[in-house]
Amino acid sequence: MAFLSTLFSQIINGLQSGSIYALVALGYSMVYGIIMLLNFAHGDIIMVGAYVVWLSMTSFGLHPLFSILLAVAVSTLLGVVIEKVAYAPLRSSPRLSLLITAIGISFLLENGFQLIFGAGAKVVPTLISGPTFQIGGASISTPALVTLGVTVVIMIGLTLLVQKTRLGRAMRAVSEDMGAAQLMGVNINTTISFTFALGSALAAVASALYLSSYAQASPTMGSMLGLKAFVAAVLGGIGSLPGAMLGGLVIGLAEALVSAAGLSVWKDGVVFAILIVVLLVRPSGLLGKPMKEKV
Amino acid sequence: MLKVEGINVYYGNIHAIKEISFEVNQGEIVTLIGANGAGKSTILNTISGLYHSKTGKIEFEGRSIGHLPPHKVLALGLAQVPEGRRIFARMSVEENLEMGGYTRPGGEIAASLEDVYQRFPRLSERRKQIAGTLSGGEQQMLAMGRALMAKPSLLMLDEPSMGLAPLLVEQIFEIIRELHAAGTTILLVEQNAQMALSVADRAYVLETGKIVMEGPAAELLEDDKVRSAYLGE
């Protein structure tokens, strides 16, 4: 019985961190789908979001909700600016140049924040407080519930946006055939900016949800979180949005189950083992089936 | 209506289009014929704004459009059915058509959809089907219907007969005639010179990026050089 309740608690933990990975993985996948870039600076957007929350709560005394909204706004803007300044000029360059630039931006953000705020972690005040619920011996905290709820709402909203709206259709068209989308009158600059804005906003939400359980901001916090979300995106099939959602949850659950088995030191190792296995066995990921196209 | 003057396009070091000049008048069907690699698609893509020429000019209805991005060119009424159809294979037929009407006000889309379905009943039957599963002929119809959703005054077609069975080629050219009869000016790029010359008013012959011959289509159809080089006689 004790084992079962531990297992249940760990599954909740897994879904909670999995939700955060999924939100970040969506950003990786959307950007890859549109411009074939593995945006390694994406994880650092999480870090920037966390610092905005920390700064606005501790220095300006803002309400948690406003701090989170501010973090979303700043991250969104940052994502768009990074694309315009660093990636857009390289649009017709080899993809490797773009990848190297993304890694450069990642270093710039991490080291820039270290320079400004120091290398130490900053403690973020409580973002979400509330009772811990007991269900059959297992417990669910309010931050965990909020994380799951917010993620579900965002996933439904994002799916509707991509499937049902004019802008979402344009995003899918650009990701399938950029030239043909342009011939249909899609302004690709707008579409690419929108994709970066959306991905960065999701990263900021993920950042706030992360802080609600692990209340620390540090300059390098985004790199491991970002890498794991990247693994989640690859596992689900990079470029596939349902894949990113599924991949995030699977990675979160895998980590939690490894911890439940008493092997928590292997947590990170298991995630990267999953990456290796996926790349060996099914490089297109769980849901990223490359479709045959007739010519 | 469309006037191209002295454009040059390069791919890296390759001089793909050399000093091309031609024009399309309102109500005409004009064709550019030539072998594979002669630069026909590059010309259409330059007009559409996917490539830009550093020299010369492109005018559409008196406006210079050579510097415009593709979405602005389309908004002026100049649509293209690209080579190889390039439909969005993972979207449904209807979504493809909706993409075609991307620049149009939302309120006009439904009426245009009905127009296209009336012209292509096959598409209407398959409106929910994933476009990648259509046959080659149906995909060509979809590509044409998609371009018509933009309500173009000049429609550019790039190799609409490519990879289609002779019967389907006939059908596609019949549709081109109908579109022309309904008032659309047409610029047609083709390797199938026989079909293209039989439907067109005027023609230009391209060889390795240069225009080497031009004239009324009926005359070129009788020309010995054209017959031996492009009609396999």
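Sequence lines set the chain letters: A, B, ... in the order given, protein chains first and strands last, and positions in each chain run from 1. Worth knowing before you read on, the calculation uses all heavy atoms, side chains too, and leaves out hydrogens, waters and symmetry mates.
The 12-atom threshold is not exceeded at CG of Leu167(B), counting heavy atoms of other residues, nucleotides or ligands nearer than 6.0 Å. For CZ of Phe272(A), the number of neighbouring non-hydrogen atoms (other residues, nucleotides, ligands) closer than 6.0 Å is greater than 12. Within 6.0 Å of the CD atom in Glu125(B), the count of heavy atoms belonging to other residues, nucleotides or ligands exceeds 12.
For the atom pair OG1 (Thr103(B)) and CE (Met184(A)), the distance works out to 9.5 Å, reported to the nearest 0.5 Å. With values rounded to the nearest 0.5 angstrom, Glu176(A) atom CD is found 7.0 Å from Phe88(B) atom CZ. In this structure, CG on Leu183(A) lies 8.0 Å from CE on Met156(B), to the nearest 0.5 angstrom.
Per-residue counts of heavy-atom pairs under 4.5 Å with chain A were compared for Met149(B), Gln80(B), Lys72(B); the largest is that of Gln80(B). Between chain A and the options Leu74(B), Val81(B), Leu78(B), Asn96(B), the largest number of non-hydrogen pairs under 4.5 Å is found for Leu74(B). Per-residue heavy-atom pair counts under 4.5 Å with chain A were compared for Ala150(B), Pro70(B), Ala79(B), and the maximum is reached by Pro70(B).
When the heavy atoms of residues 148-171 of chain A are compared with those of chain B, the residues falling under 4.5 Å are Gln163(A), Arg166(A), Leu167(A), Arg169(A), Ala170(A), listed by number.
Under the 4.5 Å side-chain criterion, counting only non-hydrogen atoms from C-beta, Gln182(A) is in contact with Leu50(B). Within the 4.5 Å cutoff, the side chain of Arg172(A) has no heavy atoms near those of the Met99(B) side chain.
Under the salt bridge (Lys or Arg N to Asp or Glu O under 4.0 Å) criterion, Lys18(B) pairs with no residue at all, not counting sequence neighbours.
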